[in-house]
Amino acid sequence: MGNEKSRLRQPSNKLLPTATPPVAVMSSDSSSADNAIETLGVTAAMLREFAASHPQIAQKKLTTTQVCEQFVKAETSAARRAYLDLLKQRPNSAKLIGKATVFISHAWKYDFNDVLAVLF
């Protein structure tokens, strides 16, 4: 990912300022009358908070796939809810979620912290 990372990092600094808007994440909530998919997402603050609260991600150099399997699915399968829906239930969740204005796609085989480094 060496050349890819440096190539991607420079444009991302221009596209995603420090206070990035929420990125698109699917929510299981379909509260609108026409059952349209809700366009809520997580904020950069949420991603930073998530990484900081799971130091083993950096220590073990976990991929995004591993992070999803070990942390996200562990929480969502027990609750049988989307991760975004669980975030909505937290106190002070306004800084964690909001209307998505940016969609980010990435390969899940890379180190989770490398993905965050490219974004921030």
Side-chain angles (χ1 to χ4, degrees):
M1 187 169 151
N3 289 341
E4 275 181 52
K5 184 176 177 183
S6 60
R7 181 175 48 105
L8 293 174
R9 184 176 294 203
Q10 191 171 4
S12 70
N13 289 338
K14 293 176 185 173
L15 297 174
L16 296 173
T18 303
T20 56
V23 296
V25 174
M26 292 292 188
S27 169
S28 63
D29 185 8
S30 57
S31 56
S32 67
D34 62 354
N35 278 339
I37 294 176
E38 190 172 0
T39 55
L40 289 179
V42 297
T43 62
M46 180 272 159
L47 292 172
R48 287 187 195 105
E49 184 179 299
F50 182 87
S53 67
H54 298 89
Q56 60 273 45
I57 293 172
Q59 293 165 353
K60 296 180 180 179
K61 295 192 162 289
L62 297 179
T63 65
T64 301
T65 299
Q66 292 168 317
V67 168
C68 184
E69 292 292 329
Q70 293 178 31
F71 302 104
V72 177
K73 284 187 178 181
E75 288 188 48
T76 59
S77 64
R80 300 185 55 86
R81 303 281 301 190
Y83 195 75
L84 189 65
D85 294 335
L86 298 178
L87 289 175
K88 287 182 199 177
Q89 297 172 356
R90 293 184 183 175
N92 302 317
S93 65
K95 72 174 188 166
L96 304 177
I97 59 174
K99 183 175 167 95
T101 58
V102 176
F103 179 81
I104 298 171
S105 180
H106 61 88
W108 284 40
K109 69 180 181 177
Y110 293 116
D111 181 301
F112 183 76
N113 283 317
D114 285 348
V115 173
L116 294 184
V118 169
L119 298 175
F120 313 117

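None of the values given here were measured: they were computed from a predicted structure. We number each residue from 1, following the sequence as shown.
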Steps toward side-chain contact (heavy atoms from CB on, under 4.5 Å) verdict (I57, F71):
CA-CA 10 Å; I57 293 172; F71 302 104; 3.7 Å; yes

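- In terms of heavy atoms, K61 sits closest to Q66 at O-OE1, 4.2 Å.
- The distance from the CG atom of L119 to the CD1 atom of I104 is 4.5 Å, given to the nearest 0.5 Å.
- Between W108 and H106, the two ring planes are parallel [angle under 30°; tilted spans 30° to 60°].
- Closest heavy-atom contact between K88 and I97: CG-CD1, 3.3 Å.
- To the nearest 0.5 Å, atom CD of residue Q56 and atom CG of residue L62 are 7.5 Å apart.
- Listed by chain and number, the residues in a side-chain contact (heavy atoms from CB on, under 4.5 Å) with A58 are N113 (sequence neighbours excluded).
- To the nearest 0.5 Å, atoms CZ (F50) and CG (L96) are separated by 12.0 Å.
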Please step through side-chain contact (heavy atoms from CB on, under 4.5 Å) for the pair V118 and Y110, ending with a clear verdict.
CA-CA 11 Å; V118 169; Y110 293 116; over 6 Å; no

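- The minimum heavy-atom distance linking L40 with K99 is given by the pair CD2-N, 3.9 Å.
- Considering every non-hydrogen atom in both T65 and K109, the closest pair reads OG1-N, 4.4 Å.
- Rounded to the nearest 0.5 angstrom, H54 NE2 and Q70 CD are separated by 10.0 Å.
- Although no hydrogens or angles enter the test, the distance criterion places no donor-acceptor pair under 3.5 Å between the side chain of T39 and the main chain of A100.
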Determine whether Y83 and M46 satisfy the following criterion, side-chain contact (heavy atoms from CB on, under 4.5 Å), listing intermediate values before the conclusion.
CA-CA 12 Å; Y83 195 75; M46 180 272 159; 3.3 Å; yes

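- G41 and L84 make their closest contact through O-CD1, 3.9 Å (heavy atoms, listed as atom of the first residue, atom of the second, distance).
- Here the straight-line distance linking atom CD of E49 with atom OG1 of T43 works out to 8.0 Å at 0.5 Å rounding.
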